[in-house]
Chemist: 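Pasting a structure here, questions to come.
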There are 2 protein chains.
Amino acid sequence: MFNFEDYAKSAFTVDNIIFGFDQGELKILLIKRGEPPYTNQWALPGNFVYPNEDLDAAAERVLGELTGLKDVYLEQVRTFGEVNRHPLGRVITVAYYSLVKIKGYNLKGTSPLSQKAKWVSIENATNLAFDHDQIFEACFRRLKRRVRTRPLGFELLPRKFTLTELQQLYEAILQPEKKIDKRNFRKKILSMKILVDLNEAQEGVAHRPAKLYKFDKKKYEKFVAEGFNFEI
Amino acid sequence: MFNFEDYAKSAFTVDNIIFGFDQGELKILLIKRGEPPYTNQWALPGNFVYPNEDLDAAAERVLGELTGLKDVYLEQVRTFGEVNRHPLGRVITVAYYSLVKIKGYNLKGTSPLSQKAKWVSIENATNLAFDHDQIFEACFRRLKRRVRTRPLGFELLPRKFTLTELQQLYEAILQPEKKIDKRNFRKKILSMKILVDLNEAQEGVAHRPAKLYKFDKKKYEKFVAEGFNFEI
DNA sequence: TTCCTTGGTGTACAAAATACACTTATCAGC
DNA sequence: GCTGATAAGTGTATTTTGTACACCAAGGAA
């Protein structure tokens, strides 16, 4: 059991916004709190940073215990340390976000918390416990900005995807600022030459099947190294 | 005297990269360490976060004690928490940078540290104590990016400045990526209408005197609110 | 066979970025 | 007071990039 006295001076946590993309919607993984404070409210997955643990490692651990996933995109965003942000004492938290492929994915974390976890679409991710609304806002804003500099799409999409899925992903992230024109989007994304046409098509859809693509990781890395601009 | 036992579990600090611009050079304010570890090496100004102090307030305090300045541009960048980053124990630090007008400015801080402070041009700001090289890199990278989205120039320049000074500032920040074309720079910056022509001229220079400008703060704020793009 | 749904494609116009060279105003030194 | 040195100031043509816009194609369902 967590005893606040043990962290009397000040406690250190990480909180993690885990983004996923499913059915055309951007979602985050939240946990329903079982005890006070903020009982029954949704909160971000987070945990204390162990004395011998690097910050990034703590964020990875939180993600791993909850989802069983490893080696995902993870980025530190900002540290929230308002004196009264936690009702039980001084708790300073480092906010991270990570990008995860939801598709065909069950929560198989080791933590008992994973029972209480749920993917919530970002429009419904309001009224969170603590200052987690603020943390979500900061992370989402960072993602919106980051997506203009790096092709993060392939962290969120399944290995094979259609151009329409990719466009919907961008719209979900950039919403409501941008309604993207289909032809211009395709022209631009294809001109970057980071997509590989798999010469396969969707199956079992009641309309013309779309072609499937995958990301070309090598070319993507070359672009990143060259300080490449990904404005959509 | 600082006793490490008092912060046994883990200690919390802020470190502040204080940028200034003088004689065409971008500089940061460093402190020569007087005691171990890293005696006689240059280090970033920093301090512990007090139990009842917000993070931003701690960063402002560090700046104020050192320079006597208030109300300057201050931005949190990233938190550095590697287990072994501090030889005496676990110290997690939140990095900030601030932008300061050096011009005609003497260090008049209340802290005894201000005796040991010096403006160092960024090319010479290497081999700092602790992981401060890394922190400097992160803050400088952030400044380079930020300057493309917000007209931060007027935080670093004196109230009245010439277009050449402004261009030199941009070159110092964006170096070595960009050599800026004089005519294109002027065309762009003037088309933004955030500069006011003061109808005054430089005095005492051995060449054609340049016109003086100041920033129009209201228009700048309107631009920022509208999510304005400042690519140079 | 028809209908419904989403996939896929090109062109014309506007806006923005870039490349580039000479004249002007002042002070210093003779 | 003339000359030289220095940085200030200025415009245009070209290329690149962004934007607006509408119809036919392919497959499954009825």
Side-chain angles (χ1 to χ4, degrees), chain A residues 23-25 147-149 151 153 157-158 160-172 174 177-214 223 226-232, chain B residues 23-25 147-149 151 153 157-158 160-172 174 177-214 223 226-232:
Chain A
Q23 329 228 264
E25 284 194 328
V147 99
R148 291 166 179 279
T149 343
L157 289 175
K160 300 176 180 186
F161 53 86
T162 69
L163 292 179
T164 301
E165 284 166 350
L166 185 60
Q167 179 172 346
Q168 283 169 348
L169 172 60
Y170 274 97
E171 283 173 343
L174 300 175
E177 288 103 273
K178 286 233 179 176
K179 196 72 199 163
I180 304 173
D181 178 271
K182 185 166 46 154
R183 278 184 284 197
N184 293 340
F185 177 78
R186 284 162 187 240
K187 199 192 309 173
K188 178 120 193 198
I189 208 96
L190 291 173
S191 78
M192 291 170 174
K193 307 250 172 75
I194 54 170
L195 296 188
V196 179
D197 184 342
L198 291 168
N199 290 312
E200 292 176 57
Q202 268 183 323
E203 282 173 22
V205 287
H207 55 78
R208 176 171 175 176
K211 289 164 95 176
L212 294 172
Y213 291 83
K214 64 167 189 171
F223 278 136
E226 286 167 2
F228 162 65
N229 188 351
F230 207 76
E231 296 272 346
I232 296 291
Chain B
Q23 331 230 261
E25 283 195 330
V147 99
R148 292 166 179 277
T149 343
L157 289 174
K160 301 175 180 189
F161 53 86
T162 69
L163 292 180
T164 301
E165 285 166 350
L166 185 59
Q167 178 173 346
Q168 283 169 347
L169 172 59
Y170 275 97
E171 284 173 342
L174 299 176
E177 287 102 275
K178 286 233 179 178
K179 197 70 199 163
I180 303 173
D181 178 271
K182 186 166 44 153
R183 278 184 283 194
N184 294 340
F185 177 78
R186 284 162 186 241
K187 199 192 310 172
K188 176 122 196 199
I189 208 95
L190 291 173
S191 77
M192 291 170 175
K193 307 251 172 73
I194 54 170
L195 296 188
V196 179
D197 183 343
L198 290 167
N199 290 311
E200 293 177 57
Q202 268 183 323
E203 280 172 23
V205 287
H207 55 78
R208 176 171 176 178
K211 292 164 94 176
L212 293 172
Y213 292 82
K214 65 167 187 171
F223 279 137
E226 288 167 1
F228 161 63
N229 188 354
F230 208 76
E231 296 273 346
I232 296 291

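Chain letters run A, B, ... following the sequence lines, proteins first and then strands; every chain starts at 1.
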Chemist: Any side-chain heavy atom of Leu174(B) sitting closer than 4.5 Å to one from Arg148(B)?
Modeler: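 The answer is yes; the side chains approach within 4.5 Å.
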Chemist: Nearest-nucleotide wise, let me know which of Lys187(B) and Leu163(B) is further upstream toward the 5' end of DNA chain D.
Modeler: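 Whichever sits nearer the 5' end wins; that is Leu163(B).
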Chemist: Arg183(B) versus Lys187(B): any side-chain heavy-atom pair under 4.5 Å?
Modeler: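 They are not in side-chain contact.
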Chemist: Roughly, in whole Å, what's the span from CG in Leu190(A) to P in dG8(C)?
Modeler: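 Leu190(A) atom CG is separated from dG8(C) atom P by 10 Å.
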Chemist: Please report the distance, rounded to the nearest Å, between NZ in Lys188(A) and P in dA20(D).
Modeler: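 Between P of dA20(D) and NZ of Lys188(A): 14 Å.
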Chemist: Using whole Å, what does the distance between atom P of nucleotide dT12(D) and atom CG of Asp181(B) come to?
Modeler: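 One finds 16 Å between P of dT12(D) and CG of Asp181(B), rounded.
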Chemist: Once you round it to whole Å, what is the distance between C1' of dA8(D) and OH of Tyr213(B)?
Modeler: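 Result: 10 Å.
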Chemist: Write down the atom of Gln202(A), the atom of Pro209(A), and the distance for their closest heavy-atom approach.
Modeler: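 Smallest heavy-atom distance, with atoms named: O-CB, 3.3 Å.
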Chemist: In whole angstroms, how far is the P atom of dA16(C) from the CZ atom of Arg186(B)?
Modeler: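 For the pair Arg186(B) CZ and dA16(C) P, the rounded distance is 22 Å.
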Chemist: Looking at every non-hydrogen atom in both residues, tell me the closest pair between Ala210(A) and Thr162(A) and how far apart they are.
Modeler: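 Reported closest heavy-atom pair: CB-CG2, 3.6 Å.
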Chemist: Search all heavy atoms of Leu163(A) against all heavy atoms of Phe185(A) and return the closest pair with its distance.
Modeler: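 Minimum heavy-atom contact is O-CE2, 3.9 Å.
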Chemist: Tell me which one of Leu212(A), Leu195(A), Leu198(A), Leu169(A) satisfies side chain to side chain contact (heavy atoms under 4.5 Å, CB included) with Phe161(A).
Modeler: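 When side chain to side chain contact (heavy atoms under 4.5 Å, CB included) is applied between Phe161(A) and each of Leu212(A), Leu195(A), Leu198(A), Leu169(A), only Leu195(A) qualifies.
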Chemist: Please state how far atom CD in Glu165(A) lies from atom C1' in dT6(C), giving the value in whole angstrom units.
Modeler: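 Distance check: Glu165(A) CD to dT6(C) C1' gives 12 Å.
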Chemist: Are Ile180(B) and Arg186(B) side-chain neighbours, meaning at least one heavy-atom pair lies under 4.5 Å?
Modeler: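 The answer is no, as the side chains (C-beta and beyond) never meet within the 4.5 Å cut-off.
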Chemist: What's the verdict on side chain to side chain contact (heavy atoms under 4.5 Å, CB included) for Leu157(A) and Tyr213(A), showing C-alpha distance, side-chain angles and the deciding distance?
Modeler: CA-CA 11 Å; Leu157(A) 289 175; Tyr213(A) 291 83; over 6 Å; no
Chemist: Got a sec, which pairs hit salt bridge (Lys or Arg N to Asp or Glu O under 4.0 Å) with one end in residues 189-206 of chain B, sequence neighbours left out?
Modeler: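 Salt bridge (Lys or Arg N to Asp or Glu O under 4.0 Å) check on residues 189-206 of chain B returns Lys160(B)-Glu200(B), Asp197(B)-Lys211(B).
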Chemist: Reckon Thr164(B) touches a base, only the sugar-phosphate, or nothing at all at heavy-atom distances under 4.0 Å?
Modeler: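 Answer is sugar-phosphate: Thr164(B) comes under 4.0 Å of backbone atoms only.
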Chemist: At under 4.0 Å between heavy atoms, how does the protein contact nucleotides 22-30 of chain D? Give one character per nucleotide, 5' to 3', with B, S or -.
Modeler: B--BBBS--
Chemist: Measure CD1/Ile180(B) against P/dA19(C) and give the value in whole Å, please.
Modeler: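 That distance rounds to 13 Å.
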Chemist: Taking the side chain of Asn184(B) as its heavy atoms from C-beta onward, which of dA8(D), dG10(C), dC20(C) lies nearest to it?
Modeler: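 Closest nucleotide among those given: dC20(C).
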Chemist: Please give, in whole Å, the distance from dG18(D) P to Ile189(A) CD1?
Modeler: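 So the two atoms are 12 Å apart, to the nearest Å.
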Chemist: Just report the end-to-end axis angle for the helix from dT1(C)-dA30(D) to dC30(C)-dG1(D), five pairs per end, to 10 degrees.
Modeler: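 That helix has its two terminal axes inclined by roughly 0°.
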